[in-house]
Each structure stands twice: as structure tokens, then as C-alpha cells.
Amino acid sequence: MPEALGGAACVDVPLAPACLSLPFCLLGLLACSTHVLMCTSAEANCYFCSLPWPLAFSALLFVAALLCSLAAMAGKRFRLAGDPRPKSSLDWTLSELDILLLTGTVGQTLSLGASSFIEEEHQTWYFLLNTLCLAVFQDVCRKYFKERRVLGEEREESSLLPSTTDGDPLRPSFSPATELGVSLGAEKWLALTTPLLTLVCCRLLRSLNQTGVQWAHLPDLGHWLNNGEHKVFLSVLAVFSLLLIFLLVQRHCSLVSTIALALGLLGIYSYRAAVGSVLFPWQHTSRSISKGTGEARFVYVFVLGILFTGVKDLLCSQVTAAGGGGHLRSRGLWEVYSGMVLLVALLLRPHNLPTLACCLLVQTLMVQFVWERLRYDAAQITIMHYWFGQAFFYFQGNSNNIATVDISVGFVGLESYVEVPAVILTAFCTYAGPVLWACHLMCYLSSERDRAAGALSHGCYCLAVLRSVPAALYVALTTALRYHLFIWSVFSPKLLYEATHVLIAAAACLIFTAVDHDHACSL
């Protein structure tokens, strides 16, 4: 009251910022759509239905602007009233990226209560992944343009102040400018291009395999490549994808593992040529020379050799914890990751090899030019890996329908059906996307020297929450909807996929815990 009765009292109504805000647009759209829905479908019309449409829409937009203005005034008042209070150590704020990750994860979990969203769940993950790339692009632009201007102004101001270092050339006050000078070259443009290139890769992979229910019957690029008339194009694409896989994976391998990786990729192409999927340059007919069993087993030998080398390094890192245990641990994890990539390349069909190559390419670009430069924390990186893993699960051609499971991978390298290897290979190939991204997350968090010691355990905790909460909620939703018309055709297959995914995530968390325990012992 004293402020309102004073001579300098004024009413500050933020009408212009409120009308240009996103809540005003969303609230106005919601009100207008509700008005149209009621006036076109309800038997008893409301008061606004008797008014002309322009007047009704104007009134609804005015109400939305008034509500946004009142909310802005209340928020400003509460913020001003809360400024004198000291900040607590438990106060924490959410960035724009945090809000996006949290909202997208919660929204996708809640969408599992609708059968249509379950049938077309790949559309949800594609939308979330594209939105994430745009948000990352915004953060990159903010870092390389906004911070550049702020640091430039600080440097100009500091140059006008008297020097107190007595001509010391090693004064660390200009280290941000030095770092900025390094990032102004090709690294800046590569960082700006990485989210856009990721969007391009995702768009191309969407055209590779049509999945879901409504558009699964439409022809896609995979059908065109698998046509016998286009086997030459499929062969060239397979060779290019295998070469790209080798170039991206061999950076983290030792010399022996690099040679084994090269021979294994050559064996993969020989296996696909033996079964008639691709052609050799000197082969003019599609008639296969062998059944491909020997070539597949040849690749299995190199997969087991690379995995054995990685496990050996992990065990040696525990023994030599006081010395170079951290280096051995990081190298061992990357060796295991390389062996898993080689196994996935063997199990995937030839037209899906570009999916694996794009997965590795996105991982490499994100690590080199985004995650290391923007300094995202472990929780943000874990959620990003989870989103990418889910998206690549559907890029591979999978869906929530049991009919899309490729059971032929259970016979790779086997002359007859053997139950245990067939189940393991089928599950591993089906969840190749989430498994590779979870393994890459473990390798990345364990190899980062600048991160805290608990980064790996933090990532393990976030991954466990990301899988346990949706699974628990979906079990409750399935129980509540047990009398639904699509309970056996939609909800039950999705429950089977969720249960298998939880088992795989639990195994990944156990490996996370074991690696983090070794890291704690080395300290």
C-alpha cells in the first residue's frame, strides 16, 4: 500500500513481452482450438459461439495475453521479494537443455498410455532427437558467438586497466582469450556443422527403413537396395560403410586389435558375398560359392580376440592400479566397444550397415566438437545417449511389433538351430542401438580426465532411472488397461520389449558399477 500511494507509483504491465512469449502462443492456440471444437461438435453452444468468429478469437487472445501478463507480474514480484534472502546450498537451476531433456523424457513416458503412440513410437523419438539437435545447435551458437563477444569486451576493458604483474608474460588473465583464439578456426565451424550433419544423417536413416503400422507398407530405400537389380549399389554402399566403420573405430584400438578389426570387416563382406547379398568385383553372378558358415566363424574368432584383449586390459588395470591403471582401463573399454561394433556389423543386414556407420560418425563428432567443448555434465550426456540409442533402435527398422524382429541373425555362423546362441545373437542385434550407445557412454565417461570421479556412477544412476521409471509406469498402465481392445496386439508386445530392454540396461548398469568400482580402487 505505501508503494501504491506514493507519488512515484506506477503500474508496470509487461504486455509486449507477454504477447511475444511462447506461453501466450500456446495458450491462445489452446483456447482457439477448444472454441472451434466446442462450437463444431457440441450440441449446446457456448456464449462465444453466438459471437462472430473474429470477435471471439480476439476475446480469447486478449484473455490469454492478460493471463500471461498477470503471470509475468506475479513472477517478477516473487523474484524481487526473494532477492534479499540468502541462497541456499541446495538451490539449483535448470537450463534450457535440462528442461528439454526432462520434458521430453517425461512426455514420452506418459505417451505410452495411448495405443497409437505405442504403434508409432518411432515418430516420438525422431521428433525428440531433432529437437535435441536444434537445442545443441543453439548452445553451440551461444558459445562461439555470444561468449566471444563478451570475452572480447572483457579483454578490451582489462587492457585499459593498469598492469599489476610487473611485465610478467605468463599472467593467466588472458587465458579465456587464448582459448577463444583456438576455437575461432576450423573447430568452430565443425562444431556448428555437427548438429546439422546429425539432422541430415537422421533424415537419411528415416528413409532407409519404414517402421510402425501406418506407413510400414510404403517402399523405402532398404527395399530398393535389397532388390536384385540394385545389388551393385548395395555392394558399393556396404564397402563404403565398412571402410567408414574401420576409420572411426581403429582410433581407439591397439595395433593388434586394428589388424583384427580390418580382417574381421573383410570377413564380413566375404560372408555377405557368400550368402549372395553383395557381389565381389570379379563376381558376375549372384550364385554363392559357400553357405557363409566358415566366413562368419572367421569373423567370430576376431570378435572374441578383440573382446579378450579388452577384458585383459581391464583386469590388468585393476592389478596395476597405482601405475597406469586409468590408461589401461580406458583402452580396455574401447577394445570391448570395438569388438561389439564388429559383432553388430556382422549381424546387421547389408542395407543396415549405413545405420551403424552413421551411429559411429555421430558419436565421434559429438565427442570431438560438442560434448567436450560445451562441458555438459554426466546427467545431460547420459540422457542424450539414451535418446540417441532409442532413435537408432527404430532407425534399424525395429518397432513395437514382434513381427519386425529379425530372427535370421540367430543362424549366422551356425549350421543348425542352437537355442542359447540364437537367443543371445537375436537380442543383441535387436537392441544394437541402445547397447552401443550405452557402451559408448561408459567409455566416454571413464576416459574423460577432467570429469569428477563420480561421473561414471552418476551416469549409471541416470541410466537406471531412465529405464526403471518408464518400465514401472508402463506396467501400471498395462495393468489398468488389461481390458483394452488392443491389449494383446499393442500393449503386450510393448511390455515384452520393455522387459527385455530393462534386462539389457540392468546388465549395462552392472558393468558400469564394476568399472566404477575398479576406478575407486585405483584411487
Side-chain angles (χ1 to χ4, degrees), residues 200-211 215-249 261-300 302-303 341-361 392-399 403-415 422 425-426 428-430 432-433 436:
V200 173
C201 291
C202 294
R203 186 61 189 91
L204 293 177
L205 293 180
R206 288 184 61 177
S207 304
L208 191 62
N209 294 297
Q210 289 286 351
T211 183
W215 298 280
H217 64 282
L218 298 179
D220 50 27
L221 187 58
H223 288 85
W224 186 85
L225 291 173
N226 288 321
N227 192 355
E229 300 177 356
H230 308 133
K231 189 169 293 186
V232 177
F233 297 97
L234 180 60
S235 302
V236 174
L237 184 62
V239 170
F240 178 78
S241 300
L242 292 176
L243 288 176
L244 184 59
I245 291 171
F246 174 75
L247 294 176
L248 294 175
V249 175
L261 179 65
L263 295 177
L265 294 176
L266 182 60
I268 291 173
Y269 190 86
S270 301
Y271 164 73
R272 289 302 174 184
V275 298
S277 300
V278 297
L279 297 174
F280 279 119
W282 56 85
Q283 185 177 357
H284 301 286
T285 61
S286 59
R287 186 180 62 181
S288 60
I289 302 175
S290 64
K291 297 181 180 180
T293 304
E295 291 83 353
R297 293 178 178 177
F298 177 78
V299 178
Y300 281 138
F302 292 107
V303 171
V341 169
L342 183 60
L343 180 59
V344 171
L346 173 64
L347 299 179
L348 287 179
R349 293 182 179 269
H351 76 278
N352 268 332
L353 288 177
T355 305
L356 178 59
C358 290
C359 174
L360 301 176
L361 180 62
F392 275 89
F393 172 80
Y394 294 102
F395 285 147
Q396 188 180 336
N398 296 315
S399 67
T404 57
V405 177
D406 187 10
I407 61 175
S408 64
V409 299
F411 297 90
V412 176
L414 302 177
E415 296 181 352
L425 293 177
T426 303
F428 180 78
C429 182
T430 303
L436 287 181

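In this structure the side chain of Leu353 never reaches within 4.5 angstrom of the side chain of Leu237, judged on heavy atoms. Under the 4.5 Å side-chain criterion, counting only non-hydrogen atoms from C-beta, Val239 is in contact with Leu243. Counting heavy atoms from C-beta outward, Phe392 and Leu205 have side chains that approach closer than 4.5 Å. Side-chain atoms of Asn352 and Phe395, non-hydrogen and from C-beta on, never get closer than 4.5 Å to each other. Using a 4.5 Å heavy-atom threshold, the side chains of Gln396 and Leu348 count as touching. With contacts defined as side-chain heavy-atom distances shorter than 4.5 Å, the pair Ser235/Tyr269 qualifies. Thr404 is not listed as a side-chain neighbour of Thr430, based on a closest heavy-atom distance of 4.5 Å or more. Between Asn398 and Thr211 there is no side-chain heavy-atom pair separated by less than 4.5 Å.
Within 6.0 Å of the CZ atom in Arg206, the count of heavy atoms belonging to other residues, nucleotides or ligands exceeds 12.
Side-chain atoms of Arg272 never come within 3.5 Å of backbone atoms of Gly292 as a donor-acceptor pair (strictly under, hydrogens ignored).
When all heavy atoms are compared, the tightest approach of Leu248 to Ala357 is CD1-O, 4.0 Å. Among all heavy-atom pairs drawn from Leu265 and Ala345, the shortest one is CD2-CB, 4.5 Å. In plain terms, the two heavy atoms of His351 and Pro354 that are nearest each other are O-CD, 3.4 Å. A pairwise comparison of heavy atoms in Lys231 and Val278 identifies CG-CA, 4.2 Å as the closest pair. Heavy-atom minimum distance, Ala296 versus Leu346: O-CD2, 4.1 Å.
Atom CZ of residue Phe302 and atom CG of residue Leu266 lie 9.0 Å apart, to the nearest 0.5 angstrom. For the atom pair OG of Ser399 and CD of Gln210, the computed distance is 12.0 Å after rounding to the nearest 0.5 Å. The structure places OG of Ser408 at 9.5 Å from CG of Leu347, a figure rounded to the nearest 0.5 Å. Put simply, OG1 on Thr426 and CZ on Phe411 are 8.0 Å apart, with the number rounded to the nearest 0.5 Å. To the nearest 0.5 Å, the span separating CD1 on Ile268 from CG on Leu263 amounts to 11.5 Å. Of the inter-residue distances, the one linking Phe428 atom CZ with Leu343 atom CG reads 4.5 Å to the nearest 0.5 angstrom.
Using the six-membered ring where Trp is involved, His230 and Trp224 have ring planes that are parallel, under 30° apart on the 30 and 60° scheme.
The only member of Leu244, Leu247, Val249 that meets side-chain contact (heavy atoms from CB on, under 4.5 Å) when paired with Leu360 is Val249.
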Check your understanding: Where do Leu356 and Leu436 land on the side chain to side chain contact (heavy atoms under 4.5 Å, CB included) test, with the steps shown first?
Key -> CA-CA 9 Å; Leu356 178 59; Leu436 287 181; 3.5 Å; yes
Exercise for review: For side-chain hydrogen bond (donor to acceptor under 3.5 Å, both in side chains), just list the numbers for Thr293 and Arg297, CA-CA rounded to whole Å, side-chain angles, deciding distance to a tenth of an Å, and then say yes or no.
Suggested key: CA-CA 6 Å; Thr293 304; Arg297 293 178 178 177; 5.9 Å; no
